[in-house]
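Note: hydrogens, waters and symmetry copies are ignored here, and every other heavy atom, side chains too, is used.
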Amino acid sequence: MDTSRHLRVFVSSTFVDMQKEREKLAKEVFPKIRRLARERQGEFTDVDLRWGITQKEAESGETLRLCLEEIYKCMDSPLFFIGLLGHRYGWVPEEL
């Protein structure tokens with residue numbers, strides 16, 4: 001597909017916080033955007049890793065690498081990154 005017609009949006013927050021906000025995006029906002037994109041011969045993909053990282057990957061320190069890989073994929077199209085901030089603000093990996 002022509003990447004200029006494909007919009008990927010990466011949604012980021014701590015996995016525990018912002019569940020209601022992420023659900024609103026996933027169930028109400030993104031389907032509307034997806035429909036509008038198709039009407040204009042485009043494609044819309046939302047990237048939400050809440051379901052994409054296994055417990056084993058998280059325990060082995062793969063979370064950061066997996067998130068960054070998905071962000072880089074989003075950079076092939078116009079870059080959109082939605083960061084949801086709440087009371088918690090993530091974690092710092094032991095080794096970079």
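Nearest heavy-atom pair across Arg22 and Val11 is NH2-O, 3.7 Å. What you find for Pro31 and Ala26 is that their closest heavy atoms are CD-O, 3.3 Å.
Tracing side-chain contacts under 4.5 Å through hydrophobic residues (I, L, V, M, F, W, Y), one reaches Val29 starting from Met18; they form part of the same cluster.
Gln19 contributes atom CD, which lies 10.0 Å from atom CG of Leu84 (distance to the nearest 0.5 angstrom). Summarising the geometry, atom CZ belonging to Arg35 is positioned 10.5 Å from atom CD1 belonging to Ile33; distances are rounded to the nearest 0.5 Å. Taking NE2 from His6 and OG1 from Thr45, the interatomic distance works out to 2.5 Å, rounded to the nearest 0.5 Å. Rounded to the nearest 0.5 Å, atoms CZ (Phe44) and NZ (Lys32) are 13.0 Å apart.
Salt bridge annotation for Arg34-Asp46: present, with a cationic side-chain nitrogen under 4.0 angstrom from a carboxylate oxygen.
Within the 4.5 Å cutoff, the side chain of Val9 has no heavy atoms near those of the Val47 side chain.
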